[in-house]
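This report concerns only the one structure given below.
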Amino acid sequence: MCCQSMENMRSYLGDLCNEWEENMLSYPDIDDEEYGGIVEEALSTVINIYPEWTDFNAHDPGITILELFALMKESQQFFADQVSEENRRKYLKLLGMRRRHKTPAHSLVRIKPEEDDLLLQAHKIEAGNLCFETLRTKQVVKHDVCSCLHVCRGKIQEEVRGEQMEPGHAFRFPVFGSGQERDSQIYVCLGEGLPVGVPLELYIRVSKKYEIRRNPITREGFVPLVKLKWQYYSQGEWKDLRNAEDQTYGFLFDGFVRFTLEEPMEETCIQEETGYYLRVVFLEGAYDAVPILTGISMNICEVIQRETLVESEIWRGASKRVQYDTELSVMGRSEVYIGKEDIFYPTEDFQKRIDEEAGCVCFDIGEESVSDADCIMVVNRSFDLLHRRVLGEGDGLPCQEIDLEDLQILYESFAILVRDTEEREGYRLWRQVEDFAGSSPDDRHYVLDSQKGILCFGDGRHGMAPEGEILLTGFARTKGSEGNVRKGASWHFFLDGLQGLELTNICEGFGGSDEETLEDSFLRAEKYLKEPECAVTDQDYERYVRQTPGLMIESCKVLSFKDIRQFIKKAEETAVYMVVKPYRWQKGSKIEDSYRQNIGRYLERYRMVGNPVILYFPEYVDVQVYVEAVVKPQYLKVEERVKQAVKQYLERYRNSFGSVVSYNGLYGYIDSQDFIVHIRSLSMEVRGNGARRNGEGDILLSPYGIAVLKGIKTSLTMG
């Protein structure tokens, strides 16, 4: 199949898909007639069929019957056109989508402790009338990062020290800078050694002030642009941070680097500064744009706008000791359940104690209780919600409902136990589902309508009807979009022992959203269905390449087979040839391999079978311009004006692949300037692979060539 046929086929399939998607959510309007129109249409039909009928007044029995049927028809059309909310939910499910529930906001809080401290998970923080919680266990340190150094070839290339590292001060530290070569290092100096065996987090913030935005990473499989190695100094040598999790993907994004030290840190001297050091060693690769570090700290904590009132966790196996590391496990009332064959039996045979060194709560359970256990469940309850420990009593009747009297329920946090109908001393864990369409009579399922705050159970055919006590084992509240708080607010911990810590959020709250209405769900579905799921046209391929996660694509273009065939003898007709220009790309850049891999992996999901994608990077073609002209004497700095005119004209080709640089166009543009009397001669010299000139003096570039102005020479005469 020739290339033109392939392009026509892609265009045809694209139009067909768009037409199908536009009509997919449309449905006929059944209720399109009113009572008066139905009666008039019936009367006109009667006149044609039965001319002898001449009395059309209301007293005529035939008219009465006709009006009765018209009323019935209008009523039937109205009800036939109505779609219930339950049906609309099912339609949304058939489209592969569901209504979005309320989601909590996140934020980042800077903590300034007076001493080293370990904060538990779900520590409650008050911000105005909102409750936030720490998302993970967090180690904060008294002495934070005090300097950063970039050392290359034994010399300091960049450094930031002292007050610039204090909270609230902004700085700009180019990461590796021009020293992107093997064994180039970044040193992070700390005032004291970090604790051993405790999960640690180093927060890194990078500048986003680029002309082109870096695409977020939305899925697994991103190939890093650079390969780095994180180390710490201990026992007289540099040791690798094993299992370090770099959320920044090598300083490309804001995020945490999470790690745990296996050995105590030791002091060492780097460039005449003694301290406790972490370091990052550059191994290989290259950046498309040098990251600019604008913040680094051990005391940044991620928080979530949530108030956990009941929480539970299950440990598999017959363990006599389990550990919980949340604030509610310390401050709340705890219950322990022994799981045997999917039934959970409450037990009082346990002791609860706080392990301050490990930063957790330990539950020691009696050996007899766990002798034949399958699992252990611990439930922690806030004293504020003890009165709702039992939600209700199931009566075994179908379609039971419980009004939870709360519209701020976090959907994912909700969980219940229901007393077993046979083993009355035990409880079974029931599972939350979207609806009962796929539930059988034996399925212990429930539906939580978080929009109305109602807990619903099945009718006995679709989902079991509960019979017995219903216990609440998971419950949290969130205020959705209200949690997107402004930056710089003052916060404080709820606990008395932590209220002296200074807290400030360093960014606005993000990610908080309210319950989505069914109408908004269908609007989102309609928008989603109109987006093609495969690349058909050239525009589709270009759009997907620009969206490749983690990359900064300045421009890209699908090359025509006609042009490619002139430069590649064995070109494949079914292949898609593309040229891609990364941000600030230079010839010979080392990022080509990582860009090829990332673009190839991302396009694998969208490209059509049998259409391999072949990538090219720009071929820069140097253009040298010589201008000999007569200029007007009244203009100052006329030589600079001539050069500026040449630059302005050739600027239009900066991101244009395979262009024809017009000789006549450049001639006419210069000649039209006010300071030019006339041009005596104009010439363009070109150097680059695949570039040539035609008889009119135009420069013809290869399909992936870009014209770059190398230099301008002028010879000017006053006229």
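- Annotation for Q547: atom CD counts as buried by contact number, over 12 foreign heavy atoms lying within 6.0 Å.
- For K227, the NZ atom sits in a loose shell: 12 or fewer heavy atoms of surrounding residues, nucleotides or ligands are nearer than 6.0 Å.
- The 12-atom threshold is exceeded at NZ of K239, counting heavy atoms of other residues, nucleotides or ligands nearer than 6.0 Å.
- Nearest heavy-atom pair, W585 versus Y620, reported as atom, atom and distance to 0.1 Å: O-OH, 3.0 Å.
- Note that the CD1 atom of I270 and the SG atom of C189 stand 9.0 Å from one another [nearest 0.5 Å].
- Using cut-offs of 30° and 60° for the angle between ring planes, the F414 and F475 rings count as perpendicular.
- Taking Y276 as the reference, nothing meets the ring pair (Phe, Tyr, Trp, His ring centres under 6.0 Å) condition, with sequence neighbours excluded.
- Between F259 and L202, the shortest heavy-atom distance links the atoms CE2-CB, 4.2 Å.
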Going through the distances and angles, do D364 and R321 end up as a salt bridge (charged side-chain N to carboxylate O under 4.0 Å, His left out)?
CA-CA 5 Å; D364 297 316; R321 174 178 295 176; 2.7 Å; yes
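- To the nearest 0.5 Å, the span separating SG on C534 from CG on L603 amounts to 12.0 Å.
- The side-chain heavy atoms of Y595 and M552, taken from C-beta on, include a pair separated by under 4.5 Å.
- When every heavy atom of E273 is checked against every heavy atom of S147, the shortest pair comes out as OE2-OG, 3.1 Å.
- Legend: ring pair (Phe, Tyr, Trp, His ring centres under 6.0 Å) pairs involving residues 290-318, not counting sequence neighbours, sorted by first then second residue: W315-Y324.
- Residue E554 holds its CD atom at 9.5 Å from CZ of R584, rounded to the nearest 0.5 Å.
- The ring of Y232 has its center no closer than 6.0 angstrom to the ring center of W238.
- Of the inter-residue distances, the one linking C131 atom SG with K124 atom NZ reads 5.5 Å to the nearest 0.5 angstrom.
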Dump the intermediate steps for salt bridge (charged side-chain N to carboxylate O under 4.0 Å, His left out) on R486 and E508, then the final yes or no.
CA-CA 5 Å; R486 61 182 177 82; E508 295 182 350; over 6 Å; no
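- Shown here is R161, whose CZ atom has more than 12 heavy atoms of other residues, nucleotides or ligands within 6.0 Å.
- Between Q432 and Y411 there is a side-chain heavy-atom pair separated by less than 4.5 Å.
- Residues forming a side chain to side chain donor-acceptor pair (under 3.5 Å) with Q305 (at least two apart in sequence, or on another chain): T478.
- Heavy-atom minimum distance, A286 versus I591: O-CG2, 3.0 Å.
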Full working for salt bridge (charged side-chain N to carboxylate O under 4.0 Å, His left out) between R242 and E262:
CA-CA 9 Å; R242 303 183 185 276; E262 298 176 349; 3.6 Å; yes
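- Heavy atoms of other residues, nucleotides or ligands lying less than 6.0 angstrom from CG of D372 number more than 12.
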Evaluate D254 against K208 for salt bridge (charged side-chain N to carboxylate O under 4.0 Å, His left out), listing each step before the verdict.
CA-CA 9 Å; D254 297 349; K208 304 174 186 62; 2.5 Å; yes
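- Aromatic pair Y704/F657: ring centres not closer than 6.0 Å.
- Environment of CZ in R136: crowded, with over 12 heavy atoms of neighbouring residues, nucleotides or ligands closer than 6.0 Å.
- Within a 6.0 Å radius of CD in E237, other residues, nucleotides and ligands contribute more than 12 heavy atoms.
- Within a 6.0 Å radius of CZ in F510, other residues, nucleotides and ligands contribute more than 12 heavy atoms.
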